[in-house]
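Chain letters run A, B, ... following the sequence lines, proteins first and then strands; every chain starts at 1. What you are looking at is a predicted structure, and each value in this text was computed from that prediction instead of being measured.
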Amino acid sequence: MFDQNVHRVGFACKIQTSHDKADPKLNTKSTTISYLARQTQANAYGKLWDLLEHNMTTIQAQLVYLSKLPNNQRMFRLTSDVLPAYTHEDWMPFYFQADVVAYLEKHLSKIGEYARANDIRLSFHPGQYCVLASENPGVIENSITEFEYHADLIRYMGYGRTFQDFKCNVHVGGKLGPQGIVAALKRLSPEARNTLTIENAEFTWGIDASLELVEHCALVLDIHHHWIHSGEYIQPTDSRFKRVCDSWRGVRPVIHLSTSREDVIVDHDPSVRPDLAQLKAMGFTSAKLRAHSDYCWNQAVNNWALTFSTYADIMVEAKQKNLASKQLLEQNVQ
DNA sequence: GAGGGTCAAGTCCGT
DNA sequence: ACGGACTTGACCCTC
C-alpha cells in the first residue's frame with residue numbers, strides 16, 4: 001500500500017519526453033482487431049507475444065521512471081492497452097494459454113511488487129465502452145467483461161486485496177444510473193469490487209448521482225466535470241466533498257483535474273478562472289469547453305485545485321501528461 | 001521515413 | 001445523420 005501521508009499529483013497513461021513526444025521505450029504499444037484478423041493465427045499470436053513482451057518491459061520502465069521522481073509525484077494511471085484484444089472473443093483464448101498465463105504471472109507480479117516497494121500509487125480507467133449502467137443488457141455484459149479484464153491485471157499485480165489499494169475508475173454512464181452500478185457490483189469479482197470507483201460526469205450523472213453510491217464504492221470527484229455540469233468551482237469545505245471523502249473509508253481519496261483547452265478559450269487570462277456563464281454567453285459550447293487542455297495553463301485554476309491536496313491526491317488529466325502535472329507542482333513550489 | 005486511411009465496442013453534445 | 005469528445009491518435013500500408 002502506498003504511503004497515505006504523501007500528497008500526490010499524478011498523470012495518466014503515457015510518459016512524454018517533450019511536447020507531443022512519447023518515448024517508445026517508456027510507453028506501451030497496441031494493434032487493431034482488424035490487423036489481427038488479416039493474419040494467420042500463428043502470425044497473430046506472434047504479434048500478440050511481441051506486444052506482450054514489449055508492454056511488460058515498458059510498464060516496468062515506467063515504474064522505474066516514477067521511482068526516480070519525488071514521492072509526491074509517484075502516482076500513475078496505467079493505460080488499458082496493456083493486453084491488446086483481451087476482451088475480444090476471437091483473441092481472449094490467446095491470453096489463457098498456459099505459457100502466456102505463466103508469463104503474465106511472472107511479470108505483472110514483479111510490477112506490482114516494484115510499485116509497492118517504491119511507493120507508487122497506481123490506477124486504471126476503463127474507457128468509453130465500459131458502461132456498467134447501460135440500459136442495454138448486452139452492453140452490460142461486455143462492460144463487465146471489460147471491467148474484469150482490468151481486474152485480472154489488478155489481481156496479477158497483487159492488488160484488489162484491500163479496499164482501494166488500487167483504483168479502477170469508470171463513469172456511471174448509461175440510462176440506469178447509480179442503481180445500474182449497484183446491480184453490476186453484485187456481479188463483479190472481489191478484486192473488482194475493491195477497486196471500483198465512480199466518477200461524476202459533465203452532462204448526465206453528476207455529483208448528486210454519485211453520492212447515491214456512497215455506501216457501495218469509493219467516489220472520484222472530477223472538479224472540471226463538475227464545473228462543466230454546474231459552472232461552480234466546488235470547494236474542499238463543501239459538504240458534498242466531505243461525503244465523497246467518507247466513501248473512501250479511510251483511504252486517501254483521489255480527485256481528477258483538467259482545464260478547458262488553451263486553444264479553445266484563446267488568450268484567456270491565466271490568472272483568472274474561466275467563468276462558465278460568461279463563456280457560454282460568448283458562444284462557447286459545453287462540448288468545446290469540456291475538451292482537455294495540453295497543460296495546466298491556468299494558475300488560478302491550479303491554485304484552486306491545489307486547495308484539495310490537503311484531503312486528496314490529484315490526478316491531472318491533460319494531453320501533455322507528465323509535462324502538465326509537473327507544471328502544476330512547480331507552481332505550488334513558487 | 002512520410003503521408004494517408006483505418007480503427008471492436010457506447011453515449012452524448014452540437015451542428 | 002454525422003463528427004467530435006472521452007483516460008489516449010496509434011497503427012498499418014503504400015510509396
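Under 4.0 Å is where a charged nitrogen must lie from a carboxylate oxygen, and between A/Arg252 and A/Asp313 at least one such pair does.
Following rounding to the nearest Å, A/Asp222 (CG) and C/dT7 (C1') show an atom-to-atom distance of 10 Å. Residue A/Gln320 contributes atom CD, which lies 11 Å from atom P of C/dT8 at whole-angstrom precision. Taking atom NE2 on A/His224 and atom C1' on C/dT7, their separation rounds to 14 Å, with Å as the unit. When rounded to the nearest whole Å, the span between CG of A/Asp50 and C1' of C/dC11 equals 15 Å. Atom CG in A/Leu289 sits roughly 12 Å away from atom P in C/dC6 (whole-Å rounding). A/His19 places its NE2 atom 14 Å from the P atom of C/dT8, with the value rounded to the nearest Å. Computed from coordinates, the A/Leu36 CG to B/dC7 P distance equals 13 Å when rounded to whole Å. The distance from atom CE of A/Met315 to atom P of C/dT7 is 12 Å, rounded to the nearest whole Å.
Across all strands shown, A/Arg38 has heavy atoms under 4.0 Å from sugar-phosphate atoms exclusively, and none from any base. Residue contacts shown for A/Thr79 are absent, as no nucleic acid heavy atom lies under 4.0 Å away.
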In the 5'-to-3' direction, what one-character label does each nucleotide of nucleotides 8-15 of chain B receive under the scheme B = base within less than 4.0 Å of a protein heavy atom, S = sugar-phosphate only, - = no such atom?
BBBSSSSS
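For the OP1/OP2 pair of C/dT7 and a distance below 4.0 Å, the side-chain nitrogens and oxygens of A/His225 include at least one atom meeting the criterion. Phosphate proximity of C/dG9 to A/Lys319: present, with a side-chain N or O under 4.0 Å from OP1 or OP2. OP1 and OP2 of C/dA10 both lie 4.0 Å or more from every side-chain N or O belonging to A/Lys21. An OP1 or OP2 oxygen of C/dT7 is reached within less than 4.0 angstrom by no side-chain nitrogen or oxygen of A/Lys14. Here A/His292 reaches the OP1 or OP2 of C/dT7: one of its side-chain N or O atoms lies under 4.0 Å away.
Side-chain contact annotation: A/Thr197 with A/Asn169, donor-acceptor N/O pair under 3.5 Å present. A donor atom on one side chain and an acceptor atom on the other are found under 3.5 Å apart for A/Gln320 and A/Asp20. Defined by atom type and a distance below 3.5 Å, a donor-acceptor pair is missing between the side-chain atoms of A/Ser239 and A/Arg243.
Across all their heavy atoms, A/Phe163 and A/Met1 have their closest contact at O-CE, 4.4 Å. Closest heavy-atom contact between A/Tyr149 and A/Asp81: OH-C, 4.2 Å.
When the P atom is compared between B/dA8 and C/dC13, the two are found 13 Å apart, to the nearest whole Å. Separating the P atom of B/dC7 from that of C/dG3 is a span of 15 Å, rounded to the nearest Å. Comparing C/dG9 with C/dG4, their P atoms sit 14 Å apart, to the nearest whole Å. Here the separation of B/dG3 from C/dA5, taken at their C1' atoms, is 25 Å to the nearest Å.
Cation-pi geometry between A/Arg116 and A/Tyr159 is satisfied (NZ or CZ under 6.0 Å from the ring centre, within 45° of the ring normal).
Evaluated for a ring-ring contact (aromatic ring centres under 6.0 Å, His included) with A/Tyr95, the options A/Tyr86, A/Tyr103, A/Trp49 yield exactly one hit, A/Tyr86.
A distance of 6.0 Å or more separates the ring centres of A/Phe203 and A/His171.
Annotation for A/Gln4: atom CD counts as buried by contact number, over 12 foreign heavy atoms lying within 6.0 Å.
When each of A/Ala291 and A/Leu51 is assigned the nucleotide of DNA chain C with its nearest heavy atom, A/Ala291 is the one assigned upstream, toward the 5' end.
With the 3.5 Å cutoff on both pairing distances, Watson-Crick and G-U pairs in DNA chain B assemble into runs of at least 3 at B:1-7 with C:9-15, B:10-15 with C:1-6.
The side chain of A/Lys29 sits closest to C/dC11 out of C/dC11, C/dT8, C/dT7.
Ring orientation note: the planes of A/His125 and A/His256 are tilted relative to one another, at an angle of 30° to 60°.
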